Amino acid sequence: MTRSILPLTGRSLRAPKSSCVFIYDDSKAPPPPFSAPQGLASGFFSKPRDFSLPNSSWGPEMMRLYEQYNSQCGEETEGGENREGPWKRLPSYNRFLKYATGGVYLSRMIHKKARLFTRNNRDQGATFEYVLFFNSEEDKCVGVFQAGHLLEGPPGHVHGGAIATMIDTVIGTHATIACGPVLTANLNINYRRPIPLGNTVLLESSVDKKEGKKVFVTCKMTSSDGSKLHTDSTALFVSIKVSQLLLGS
Ligand SMILES: CCCCCCCCCCCCCC(=O)SCCNC(=O)CCNC(=O)[C@H](O)C(C)(C)COP(=O)(O)OP(=O)(O)OC[C@H]1O[C@@H](n2cnc3c(N)ncnc32)[C@H](O)[C@@H]1OP(=O)(O)O
């Protein structure tokens, strides 16, 4: 029923401008009727929470790096003018699908309780605190990541799977910006130095080459001052049609 009427293509999955999108918040009320246009039932809709903004759990290094990149971001001023800047902060929600065109309905039909792995803990600072910035002129993506105490692997240090998750998030986002919807086909990580829990690290990714449906990305993760290399990694992403995921093929 639903599959045939949904105009879901790669092109329809665009991140919205967070300032003007209203979405259904399923924690507050029952859903409006399926056919309700987005934004009409104002009592049921609320602004999506952008998890990539500072909160009280962010330590000084996280804040320093955030300010460093954020101060170089283009933005619309209160007077409505556009301030130029090479970087753009990428907003981050707990369910990407909800905020894509038409996704508000899809998100209720497809595993409606699903939440993004990295954004599913309400306890600020406990798991993944991160913010991503993108520089289109240089085609660079950076992630600033503060690792919370629930990410323990080796005693007092961050689990390798959590590190891989962060790398995949940064390079996956970068590959998506470069090529539209993609899936990780291959990810190789050299773990060079353990990361103490609570530390802030910097991830920097670059697209090495695109070849048909394939995009090759590399990423380095360093201490916040850049002095220590924690990981270096390479990855292959393959372009997909979003309908592939929805139709289970
Ligand atoms: C603003 C932007 C916001 C963005 C938000 C986004 C958030 C994102 C953040 C979160 C990010 C989270 C991200 C996640 O967690 S993604 C979740 C983890 N990944 C998966 O589950 C992927 C599972 N795999 C597949 O679905 C398929 O195998 C894929 C789609 C990957 C390839 O499909 P398929 O097999 O049908 O591909 P093809 O036959 O058309 O081949 C195409 C080409 O690719 C080459 N090939 C394929 N596989 C490999 C391999 N392993 N090594 C080397 N090469 C490989 C292949 O040889 C061919 O090359 P060529 O012959 O053409 O030369």
Side-chain angles (χ1 to χ4, degrees), residues 7-18 21 48 50-52 65-66 68-70 72-75 82 84-103 106 116-119 128 130-145 163-190 201-222 226 229-247 249:
L8 195 81
T9 63
R11 285 182 157 268
S12 68
L13 268 184
R14 290 276 180 262
K17 286 184 180 150
S18 59
V21 170
D50 181 352
F51 286 79
S52 69
L65 285 171
Y66 171 82
Q68 178 183 319
Y69 287 99
N70 201 48
Q72 299 175 67
C73 284
E75 64 172 10
N82 284 322
E84 294 287 312
W87 289 91
K88 182 175 167 38
R89 185 182 62 81
L90 303 176
S92 171
Y93 309 108
N94 65 4
R95 195 161 197 211
F96 181 64
L97 190 54
K98 269 174 144 182
Y99 312 112
T101 307
L106 280 173
L116 196 64
F117 181 37
T118 52
R119 295 301 193 192
F128 299 93
Y130 65 94
V131 54
L132 270 50
F133 294 92
F134 180 67
N135 184 323
S136 54
E137 283 161 32
E138 294 177 19
D139 195 14
K140 295 259 177 242
C141 195
V142 303
V144 184
F145 166 42
I163 294 171
T165 297
M166 243 4 269
I167 294 170
D168 201 19
T169 297
V170 173
I171 56 180
T173 300
H174 197 167
T176 303
I177 293 170
C179 298
V182 291
L183 285 179
T184 318
N186 181 271
L187 174 59
N188 289 303
I189 302 175
N190 294 312
V201 292
L202 181 66
L203 296 93
E204 296 177 283
S205 78
S206 22
V207 170
D208 285 348
K209 65 175 172 177
K210 296 179 202 170
E211 228 176 62
K213 286 164 69 180
K214 297 187 288 187
V215 53
F216 297 85
V217 189
T218 55
C219 184
K220 275 189 170 23
M221 185 187 266
T222 62
L229 179 66
H230 288 293
T231 66
D232 55 75
S233 49
T234 57
L236 166 66
F237 289 85
V238 174
S239 292
I240 54 150
K241 288 201 165 57
V242 176
S243 54
Q244 264 174 256
L245 290 179
L246 300 175
L247 301 173
S249 58

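No experiment lies behind these values; they were computed from the predicted model shown. The residues of the chain are indexed from 1 along the displayed sequence.
Thr218 approaches Ile171 most closely through the heavy-atom pair O-CG2, 4.2 Å. When all heavy atoms are compared, the tightest approach of Ala178 to Lys210 is O-NZ, 3.6 Å. Taking each heavy atom of Ser52 and Arg89 in turn, the nearest pair found is OG-NH1, 2.5 Å. Taking each heavy atom of Gly143 and Leu132 in turn, the nearest pair found is CA-CD1, 4.1 Å. Here the closest heavy-atom approach between residue Gln68 and residue Gln72 is recorded as O-NE2, 2.9 Å.
Atom OH in Tyr69 sits 4.5 Å away from atom CG in Leu202 (nearest 0.5 Å). For the atom pair CZ (Phe133) and CD (Glu204), the distance works out to 13.0 Å, reported to the nearest 0.5 Å. Going from atom CD1 of Ile167 over to atom CG of Leu187 covers 6.5 Å, rounded to the nearest 0.5 Å. Leu203 contributes atom CG, which lies 8.0 Å from atom CZ of Phe145 (distance to the nearest 0.5 angstrom). Taking NZ of Lys88 as the start and CG of Asn135 as the end, the distance is 12.5 Å to the nearest 0.5 Å.
Sorted by first and then second residue, the salt bridge (charged side-chain N to carboxylate O under 4.0 Å, His left out) pairs with a member in residues 229-240 read Arg192-Asp232; sequence neighbours excluded.
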Check: After noting the C-alpha distance and the side-chain angles of Ile177 and Leu90, does the key distance pass the side-chain contact (heavy atoms from CB on, under 4.5 Å) rule?
Finding: CA-CA 11 Å; Ile177 293 170; Leu90 303 176; 3.9 Å; yes

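For Lys213, the side chain to side chain contact (heavy atoms under 4.5 Å, CB included) criterion is met by Val238, Ser239, not counting sequence neighbours. Scored by the side chain to side chain contact (heavy atoms under 4.5 Å, CB included) test, Ala175 finds Val182, Val215, Val217, Phe237 as partners (sequence neighbours excluded). Taking the side chain to side chain contact (heavy atoms under 4.5 Å, CB included) definition, one finds that Asn82 meets it with Glu76, sequence neighbours left out. With sequence neighbours left out, the ring pair (Phe, Tyr, Trp, His ring centres under 6.0 Å) criterion links Phe134 to His174. Residues satisfying the side chain to side chain contact (heavy atoms under 4.5 Å, CB included) criterion with Thr118, sequence neighbours excluded, are Leu116, Phe128, Tyr130, Thr165, Thr169.
The closest side-chain heavy-atom distance from Ile163 to His230 is not below 4.5 Å. Residues Val131 and Asn70 are not in side-chain contact: their nearest non-hydrogen atoms beyond the backbone lie 4.5 Å or more apart.
Checking Ser206, Ser205, Cys141 one by one against Cys219, the side-chain contact (heavy atoms from CB on, under 4.5 Å) holds for a single residue, Ser205.
Put simply, the side chain of Asp50 gets close to the backbone of Ser92: a donor and an acceptor are under 3.5 Å apart.
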